[in-house]
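Below you'll find the structure, written out as structure tokens, and then a few comments.
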Amino acid sequence: MRLPSENIQSQLPGLFGSIYTVVRRIPPGRVTTYGSIARHVGCTARTVGFAMAALPSELDVPWQRVINSQGKVSPRRNDDGDIIQRQLLKAEGVFFDPQGRIDLVRYGWDPGMAESG
DNA sequence: TTGTTGACTCTGA
DNA sequence: CTCAGAGCCAACA
């Protein structure tokens, strides 16, 4: 038996589990793109987006730190999750441009880089 | 098995 | 900057 909330992502099978694990490594106040995660786990950006949409609410995954390559929050289809996403990011100290865009040069984080920076 | 859909990304105009 | 179109892969009926 194992403690919950620490290894749940790792228990998930294959691709989705890998995606969730990467997302969980994103430091607070930082963001990354679907494409970066996709390249890291070896799939396409669409698949990462699909994994986010299929993300179980029980998992403690900072999904709000995943945005698109334009540096903006991707709009949802039937949900206002994008609104919540912006609020969560602002709460972490992420600055939004007047156009609702995030400076990836400043706040961007890549799965390949050290978590220290 | 095929056809459709989706929290994407790139290229061209 | 915006708008369209094509490519991409996984899940579902």
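Each chain gets a letter, A, B and so on, in the order its sequence line appears, and its residues count up from 1.
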From B/dT9, C/dG7, C/dC1, nucleotide with atom closest to A/Ala45 side chain:
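Given the options B/dT9, C/dG7, C/dC1, the side chain of A/Ala45 is closest to B/dT9.
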
First of A/Thr44 and A/Gln99 reached from the 5' end of DNA chain C, by closest nucleotide
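Its nearest nucleotide being more 5', the pick is A/Gln99.
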
Expressed in whole Å, how much space separates the P atoms belonging to B/dG12 and C/dC8?
16 Å

Could you list the residues that satisfy salt bridge (Lys or Arg N to Asp or Glu O under 4.0 Å) with A/Arg25, not counting sequence neighbours?
A/Glu115

Tell me: [atom1] of [X] to [atom2] of [N], nearest whole Å?
X	N	atom1	atom2	answer
A/His40	B/dT9	NE2	P	17 Å
A/Tyr34	B/dC10	OH	P	14 Å
A/Ile84	B/dA7	CD1	P	16 Å
A/Ile37	C/dC9	CD1	C1'	16 Å

Non-neighbouring partners of [X] that pass side chain to side chain contact (heavy atoms under 4.5 Å, CB included), sequence neighbours left out:
X	result
A/Ala38	A/Cys43, A/Val48
A/Pro111	A/Val22, A/Thr32, A/Ser36, A/His40, A/Trp109
A/Arg86	A/Val73, A/Asp82, A/Ile83, A/Phe96
A/Phe95	A/Asp97, A/Tyr107

With sequence neighbours left out, what residues match A/Gln87 under side-chain hydrogen bond (donor to acceptor under 3.5 Å, both in side chains)?
none

Going by side-chain hydrogen bond (donor to acceptor under 3.5 Å, both in side chains), name the residues that satisfy it together with A/Arg101, two or more places apart in sequence or in a different chain.
none

Please list, for nucleotides 10-12 of chain C, all pairs of protein and nucleotide N/O atoms separated by less than 3.5 Å.
none

Identify, residue by residue, the members of residues 63-76 of chain A with a heavy atom below 4.0 Å from DNA chain C, and return them in order of residue number, or none.
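Close to the strand, none.
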
Any salt bridge linking A/Arg30 with A/Glu92? Criterion: basic side-chain nitrogen under 4.0 Å from a carboxylate oxygen.
no

